[in-house]
Amino acid sequence: MEDFHEIGAIWRGETRRALRSGRVLVLLILFLLFVGLSLTVGAGLSRIADSQLSLATGGATPTAEQVEGPRKQFLQTFVTEDEAMLESLAAIPLMLLAVFKVTLRFLPLFIALMGFDQLAGEVGPKSVRYLVVRVKRSSIILGKLLSQMTLFALLMSICTVLMVLVAKILNPLFAPADVAFWTGKLIISSMVLSLAYLSLTALFSALVKQGGVSLVLNVIALFVIWFVALIGSAWRLPGELAMQGSLSMIKAESAWGYIRYASVWQYGDDLLHPHWGRFLTAALVHVGFGLVFLGLAQLALRKRDL
Amino acid sequence: MSAAIEIKGLSKHFGAKVAVNGVTFNVEEGHCYGLIGPNGAGKTTTFSMMCGFLFPTSGSIRVLGLDPTEPGVLKRKVGVLPQDAILPPTWPVGELLTYYGELSGLPNSESEAKAALERVQLPETWNVQAGALSHGMHKRVSMAQALMGSPPVIFLDEPTAGLDPKIAASVRNVIRDLKGKHTVVVSSHNLQELEELCDASAILDKGKLVSASSMAELTGQMAEFRVQIARGQVPLEELKALLGVKDAKLEANNVLCVSYDSVTVQPEEIITRAVGLLATKNVLFLTVWRGKRLEERVLQLT
């Protein structure tokens with residue numbers, strides 16, 4: 001009970017401090033600028049695709065089949081080959097999906113920027129000493145992590161709602177029911193996805209006492225995660241497909257392809273999957289990675305001098 | 001009286017560097033205890049281990065019978081003014097202290113925070129951001145958070161360092177008020193201050209303990225006294241012949257040092273007799289003090 005009180009007090013205090021410091025506002029502006037840029041590029045590409053389709057049909061309104069063909073090809077190339085997923089994503093404007101996917105790619109980096117100094121920023125100037133005589137070190141980590149989650153949920157919700165609204169304005173056929181469903185789904189997906197990365201950021205912040213070093217290590221770890229997933233995915237490609245994708249150096253599917261499962265990035269796409277089983281598996285994997293990183297962060301802070 | 005803090009064979013290594021080496025001493029309950037030593041002596045490292053900030057490489061520490069490295073055991077039992085620990089700059093002072101009170105589980109955090117600020121004479125800083133405080137104010141606010149909740153043990157690392165004389169005196173008054181009601185450990189370079197405040201002290205040098213005793217024993221207050229002679233011929237042989245006197249000699253700057261056996265004679269008796277003898281021999285003197293100045297003793301030991 002005492003632990004819950006401690007964690008709750010730190011969560012409240014840290015959230016209040018972050019909201020007051022103006023940092024959240026800066027991050028929100030940064031994130032909105034990024035989303036705005038992605039939306040602009042996405043809308044531009046969408047217009048180019050529409051005009052090309054219009055040219056192909058000789059100016060006539062393209063039929064549903066004519067629209068669906070290039071869309072499916074795009075999704076297969078850049079998003080997923082899973083038929084059920086392709087079916088599910090049919091309801092969402094392509095531009096929204098593309099922007100959301102791009103945003104997800106940069107989400108871990110955004111999380112790192114948001115929380116790299118949550119602990120390191122207190123260990124360096126030793127202000128953490130005012131806390132450790134009052135609360136358990138584990139409560140400090142958990143309270144701060146909860147605060148980061150709260151802030152992230154706030155920022156991500158604002159950005160997702162904005163993305164969906166813009167998509168709705170640009171795509172009048174985007175049905176209101178689909179708007180509500182996809183808003184919720186995208187927010188939940190990004191929240192689940194963030195669990196592992198928030199814990200990873202807490203881990204690096206607990207390991208070192210300079211915020212800058214924590215950020216650099218965090219970014220290096222993100223690149224490792226991306227590379228492991230990318231290399232694993234590349235090795236799994238059959239030779240023929242690899243040739244098509246200009247990956248001629250990769251001969252065929254091999255055992256190396258399995259290393260992608262060691263990267264949390266591998267499971268991100270399934271968070272949008274229409275089948276609950278696939279979604280829950282992906283969610284559990286993210287929670288699992290999150291718990292591992294959090295456990296390591298706890299261990300690091302518990303064993304280190306402050 | 002029982003020991004509030006017990007330290008046995010305490011060592012701390014930072015890589016190859018030995019910061020604290022086999023230190024052993026006890027702090028009695030209700031005492032004001034000084035940690036003394038030159039820069040790099042291991043005072044702050046020892047202090048930090050007592051507060052649970054640093055983990056000992058070997059040896060043991062018990063604060064009120066508890067191991068400070070165990071998570072959460074010091075809660076509400078210890079108040080700490082850490083050296084060089086910066087208060088989070090974006091917090092208003094009142095809100096920050098209230099927050100610390102909540103973390104300590106104090107039932108009336110806000111009123112505790114106000115009372116603590118009153119105690120260090122800084123109630124006007126309630127709405128001031130911690131980052132905007134002057135050095136002296138920062139130190140006193142930091143002291144205020146250590147006093148909140150009236151913990152039984154209070155650690156103060158360099159509480160008056162960098163303060164102007166008036167503020168330093170007010171901080172000393174606060175520490176004086178704590179004596180007897182709390183166990184207080186003070187680390188400081190200001191030896192005059194420690195001599196005035198502390199009941200006992202440990203002197204560290206190059207990580208090792210060179211002395212741990214009561215202030216009276218350390219300064220020899222129960223074994224010798226000194227007289228600053230102004231004019232006249234000091235009757236050394238007659239002084240040596242007084243009951244209980246073990247030795248009498250003249251030191252540098254015309255200071256007469258008389259050592260005596262504190263078992264056979266009380267200090268007030270021997271000082272009165274010796275001073276009386278000097279007066280009858282027309283020896284004029286300026287001041288009389290018991291023992292050695294702490295500063296001299298520390299310089300001798302380190």
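First the proteins, then the strands, lettered A, B, ... as listed; each starts at 1.
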Heavy-atom closest contact (B:K75 atom, A:V135 atom, distance): NZ-CG1, 4.4 Å
Which portion of A:R137 sits near chain B, non-hydrogen atoms under 4.5 angstrom: side chain
A:V133 side chain reached by B:F53 side chain, heavy atoms, under 4.5 Å: yes
Pairs of heavy atoms under 4.5 Å with chain B: top-ranked of A:R17, A:R129, A:K136, A:K303: A:R129
Side chain, backbone, both or neither of B:F155 within contact of chain A (heavy atoms, under 4.5 Å): neither
Structural part of B:Y99 lying under 4.5 Å from a heavy atom of chain A: side chain
Ionic contact status for A:R20 with B:E95, cut-off 4.0 Å: yes
A:R302 atom CZ, over 12 foreign heavy atoms within 6.0 Å: no
A:S127 OG to B:L96 CG distance, which is reported to the nearest 0.5 Å: 9.5 Å
Close side-chain approach of A:L306 to B:L54, heavy-atom, < 4.5 Å: no
Crowding at NZ, B:K208 (>12 non-hydrogen neighbours, <6.0 Å): no
B:W91 six-ring centre to A:R16 NZ/CZ under 6.0 Å and within 45° of normal: no
Check: B:Q145/A:R134 side-chain N/O donor and acceptor closer than 3.5 Å: yes
Contact origin within B:T69 toward chain A - heavy atom pairs under 4.5 Å: neither
Enclosure of A:F227 CZ (heavy-atom neighbours >12, cutoff 6.0 Å): no
Option in B:A85, B:P88, B:G105 with maximal non-hydrogen atom pairs under 4.5 Å from chain A: B:A85
Reported CG-to-OG1 distance for the pair A:D305 and B:T45, which is rounded to 0.5 angstrom: 9.5 Å
Within 6.0 angstrom of B:K179 NZ, more than 12 heavy atoms from elsewhere: yes
Straight-line distance of A:Y130 OH to B:L103 CG, nearest 0.5 Å: 14.0 Å
